[in-house]
A.B. asks: 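The structure that follows is given in the form of structure tokens.
Throughout, a chain's letter reflects where its sequence line sits, starting with A, and its residues are numbered from 1.
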2 protein chains.
Amino acid sequence: MAIDQVDYDLPNSKNLWSMYGLNMSNSLVDKSLVKLSQAGLRLTKQRRAMLEALVIAEKPMSAEEVHAKLYSGTCDLVTVYRSLEQFERVGVVQLGVRENGTKVYCLSHGLDHHHHLTCRICGRTERVDLCMAEELEKVGRSYGFTELSHVMELFGACPECKKEA
Amino acid sequence: MAIDQVDYDLPNSKNLWSMYGLNMSNSLVDKSLVKLSQAGLRLTKQRRAMLEALVIAEKPMSAEEVHAKLYSGTCDLVTVYRSLEQFERVGVVQLGVRENGTKVYCLSHGLDHHHHLTCRICGRTERVDLCMAEELEKVGRSYGFTELSHVMELFGACPECKKEA
DNA sequence: CTCAGTGCAAACCTTTTGCAATAGT
DNA sequence: ACTATTGCAAAAGGTTTGCACTGAG
């Protein structure tokens, strides 16, 4: 079992987190769980595992990548797809797209919307706190569009990968 | 044959465009052809048809959409995929991604890089002349990244679609 | 108890690859 | 002629769907 995998097959207990053997009142995860619950979604061990994986990773991951982080047998890949979709719908995660079209998800850090710089060779990811949401909203509204959303991803070759090549 | 389809199976002639029955010294297409040629790519009737389709459409299209614009039998879908990839490599088209991960391509209007606002219901597209390329480059370089590129797409529901719903 | 969520299998859609035939240059 | 490009067929990759079963509220 890889060190960063998450094992949720532990005995039950009272509170939300101790049952997973995690000493974690991680505000990100807590907030996420609350949001899920408020949106009427059910809290399952599979979903908790996925959220946990997203917190640990701290970077956008595809459904397959999230699935790979889970302790083998935690849940089916299909469930990851379905849950991530739900998570996005209720604003718990933020959707992004890789250059090759793969969808990736990362936890919404509270209210703050952000973007990423990704190495297209090794996948290294850096957070980019730069966003033109307001300007884009303005343009969108000027055309009468509503329910605006945007995708912005920055790609490049990181110094390490460039060294090797 | 739909009115906006492009038929290239016409008799040969001397110049680049008259052979297609098109009275077109369209600078966009001309520039594109020159770029292709300069990059060492070959000018085939399939590629000319694709470029033409892109000019007529004036909006980003997926490989399948480009293929659908071509007169039936002009070329195989696989060829469209391969050519668009080449076009992008030499800077003749610009790559974008839809919310669902589909790759889309649009002609690079000369040197100007731009983005799009797309209705996620009907596909209507508006050009967005707003870009933070410079700021993004700066961030990328600050992390030591090179060969930077970015994807930015704005999505929403257009007024017409909203009316119906 | 009820319906949302899950697993499994299979379908689907988009994109990529292999190889022999074709056609620019 | 030389080699990029094409078509066809097949595989690959990522995502979605159908259905019966399970489990959270």
A.B. asks: Figure out the CE/C1' separation between Met50(B) and dG7(D), and round it to whole Å.
C.D. replies: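 Result: 12 Å.
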A.B. asks: Expressed in angstrom and rounded to an integer, what is the separation of Leu36(B) atom CG from dG24(C) atom P?
C.D. replies: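 Atom CG in Leu36(B) sits about 15 Å away from atom P in dG24(C).
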A.B. asks: Tell me whether the OP1 or OP2 atom of dG13(D) has a side-chain N or O from Lys103(B) closer than 4.0 Å.
C.D. replies: no
A.B. asks: With the threshold set at 4.0 Å, does a side-chain nitrogen-carboxylate oxygen contact exist between Glu160(A) and Lys162(A)?
C.D. replies: no
A.B. asks: Does the gap between the ring centers of His150(B) and His113(B) come in under 6.0 Å?
C.D. replies: yes
A.B. asks: Would you mind checking if Arg141(A) and Glu137(A) are paired as a salt bridge, meaning a charged N to carboxylate O distance below 4.0 Å?
C.D. replies: yes
A.B. asks: Would you say Thr102(B) reaches dT14(C)'s phosphate, i.e. side-chain N/O to OP1/OP2 under 4.0 Å?
C.D. replies: no
A.B. asks: What is the distance, rounded to the nearest whole Å, between atom CG of Leu43(A) and atom C1' of dC3(C)?
C.D. replies: 16 Å
A.B. asks: Quick one: which of dT16(D), dA24(D), dT14(C) gets closest to the side chain of Arg42(A)?
C.D. replies: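 The answer is dA24(D), which lies nearest to the side chain.
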A.B. asks: Taking the side chain of Tyr81(A) as its heavy atoms from C-beta onward, which of dT16(D), dT6(D), dT25(C) lies nearest to it?
C.D. replies: dT16(D)
A.B. asks: Is any side-chain nitrogen or oxygen of Thr79(B) closer than 4.0 Å to OP1 or OP2 of dT5(D)?
C.D. replies: no
A.B. asks: For Gly101(B) and Ser37(B), find the nucleotide of DNA chain C closest to each by heavy atoms; which residue's nucleotide sits nearer the 5' end?
C.D. replies: Gly101(B)
A.B. asks: Heavy atoms from C-beta onward define the side chain here; which of dT15(D), dT16(D), dC8(D) lies closest to that of Glu85(A)?
C.D. replies: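 Side chain of Glu85(A) sits closest to dT16(D).
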A.B. asks: Name the residue closer to the 5' end of DNA chain C, choosing between Ala63(B) and Leu77(A) according to the nucleotide with the nearest heavy atom.
C.D. replies: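 It is Leu77(A), whose closest nucleotide lies nearer the 5' terminus.
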A.B. asks: Quick one: on DNA chain D, does Val78(A) or Glu64(A) contact a more 5' nucleotide (nearest heavy atom)?
C.D. replies: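 Upstream on the strand: Glu64(A).
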A.B. asks: Can you confirm whether more than 12 heavy atoms, excluding those of Glu135(A), are under 6.0 Å from its CD atom?
C.D. replies: yes
A.B. asks: In whole Å, what is the span from the CD atom of Gln86(A) to the C1' atom of dT6(C)?
C.D. replies: 12 Å
A.B. asks: Can you figure out which of dG7(D), dT5(D), dT14(C) approaches the side chain of Cys75(B) most closely?
C.D. replies: dG7(D)
A.B. asks: Rounded to the nearest angstrom, tell me the gap between atom NZ in Lys45(A) and atom C1' in dG5(C).
C.D. replies: 12 Å
A.B. asks: Between atom NE2 in His67(A) and atom P in dT6(C), what is the gap in whole Å?
C.D. replies: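 Between P of dT6(C) and NE2 of His67(A): 12 Å.
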A.B. asks: Between dT6(D) and Thr44(B), is there an OP1 or OP2 to side-chain N/O distance shorter than 4.0 Å?
C.D. replies: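 It does, given that an N or O in the side chain of Thr44(B) lies less than 4.0 Å from OP1 or OP2 of dT6(D).
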A.B. asks: Report yes if a donor N or O on one partner sits less than 3.5 Å from an acceptor N or O on the other, where the partners are the side chain of Arg82(B) and the base of dT16(C); otherwise report no.
C.D. replies: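 It does not, because no donor-acceptor pair links the side chain of Arg82(B) to the base of dT16(C) below 3.5 Å.
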A.B. asks: Would Arg120(A) and Glu99(A) pass as an ion pair if we require N to O under 4.0 Å?
C.D. replies: yes
A.B. asks: Rounded off to whole Å, could you give me the CG-to-P distance for the Leu41(A) and dC3(C) pair?
C.D. replies: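 Distance check: Leu41(A) CG to dC3(C) P gives 17 Å.
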A.B. asks: Using 0.5 Å steps for rounding, measure from the CZ atom of Phe87(B) to the CZ atom of Arg47(B).
C.D. replies: 6.0 Å
A.B. asks: Quick one: is dG7(D) close enough that its OP1 or OP2 comes under 4.0 Å of any side-chain N or O from Gln46(B)?
C.D. replies: yes
A.B. asks: Can you tell me the distance, in whole Å, between the CG atom of Asp76(B) and the P atom of dT16(C)?
C.D. replies: 14 Å
A.B. asks: Looking across every strand, which nucleic acid part, if any, lies under 4.0 Å from Ser62(B) by heavy atom: base, sugar-phosphate, or nothing?
C.D. replies: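 If one applies the 4.0 Å heavy-atom cut-off, Ser62(B) turns out to touch nothing in the nucleic acid.
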A.B. asks: Within the pair Arg47(B) and dT5(D), is there a side-chain N or O less than 4.0 Å away from OP1 or OP2?
C.D. replies: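 Answer yes for this pair, as a side-chain N or O of Arg47(B) is under 4.0 Å from OP1 or OP2.
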